[in-house]
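Values reported hereafter were calculated over all heavy atoms of this structure, with side chains retained and with hydrogens, waters and symmetry mates removed. Counting starts at 1 for both ligands and their atoms, following the listed order.
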Amino acid sequence: MLTNCFRYWNRYPGARVDSAVPHYEFSDSALWKEWLWKQRFPGSAELRAYFHHVADTWNLREDTIFEAYVNSAVWKEDEARWLITTRHGMVFKARFFLANTGFAAKRYTPDWKGIETFRGTWIHPSYWPKEEPDLKGKKIAVIGTGSTGLQLVQDLAPRKFPIPL
Ligand SMILES: Cc1cc2nc3c(=O)[nH]c(=O)nc-3n(C[C@H](O)[C@H](O)[C@H](O)COP(=O)(O)OP(=O)(O)OC[C@H]3O[C@@H](n4cnc5c(N)ncnc54)[C@H](O)[C@@H]3O)c2cc1C
């Protein structure tokens, strides 16, 4: 498995939103008035650009700390405050603590027998490496045909069988 990509999630080839805009966008007019989508189902590059636009417009960066994994949050009755600590030793106290940790932020790898000894390259799409692996001409099996699987196939198939111009 290629694993040099823990900081990059879901950057697999062909990744795109499968809900059409404008359903998939914030309703704040300050955002949509200044933004023109190029595609109805935007791809990951366009989505990243959009979220940069959101961060800039809402001035989010100055209030954001990246790489801060919360590993403990304890309510302190005597202080009426949450005591929040991160994996790298940051400590915060707060009256309000919202854990918007998502339902799909935990990756799932099936515990199939032999997966660790498979001699080919295997890639979990969520861990797709920043440096594109050279898959040209390779036999590729895609397991799982939900949205991610279909998006991947559309991008990988032309690489295996390049369409002549
Ligand atoms: C591959 C994929 C494709 C998708 N495509 C679509 C789509 O096309 N259309 C659509 O509407 N939805 C799509 N979804 C679903 C959509 O991404 C989620 O519904 C949405 O992101 C949920 O938002 P959220 O804020 O609740 O959680 P998330 O976006 O998951 O955010 C949770 C955040 O909390 C962080 N976190 C978790 N635990 C901790 C901790 N202990 N300390 C600090 N941070 C923590 C995570 O790192 C993450 O950044 C897709 C999801 C995936 C995985």
Please check this pair: side chain of W82 against backbone of F96, looking for a donor-acceptor N/O pair closer than 3.5 Å.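 A pair under 3.5 Å: no.
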Kindly work out whether a path of hydrophobic side-chain contacts (I/L/V/M/F/W/Y, heavy atoms less than 4.5 Å apart) joins V70 to W75.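 As far as the 4.5 Å side-chain criterion goes, W75 and V70 are connected within one cluster.
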Same hydrophobic cluster for I65 and I84, using side-chain heavy-atom links shorter than 4.5 Å among ILVMFWY?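 In one cluster with I65: I84, yes.
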Pick out the protein N or O atoms lying less than 3.5 Å from any N or O of ligand 1, and list each pair with its distance.
from, atom 1, to, atom 2, distance (Å)
ligand 1, 8 (O), D18, N, 2.5
ligand 1, 8 (O), D18, OD1, 2.5
ligand 1, 9 (N), S19, OG, 2.9
ligand 1, 11 (O), S19, OG, 3.4
ligand 1, 41 (N), V70, O, 3.0
ligand 1, 42 (N), V70, N, 2.8

To the nearest 0.5 Å, what is the distance between CZ on R16 and CZ on R40?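 The CZ atom of R16 sits 12.5 Å away from the CZ atom of R40.
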Using every non-hydrogen atom in the two residues, find where S72 and V74 come nearest and quote the distance to one decimal.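 So the two residues come closest at OG-CG2, 3.7 Å.
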Can we call the ring centroids of W37 and Y50 under 6.0 Å apart?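 Ring-ring flag for W37/Y50: true, centres closer than 6.0 Å.
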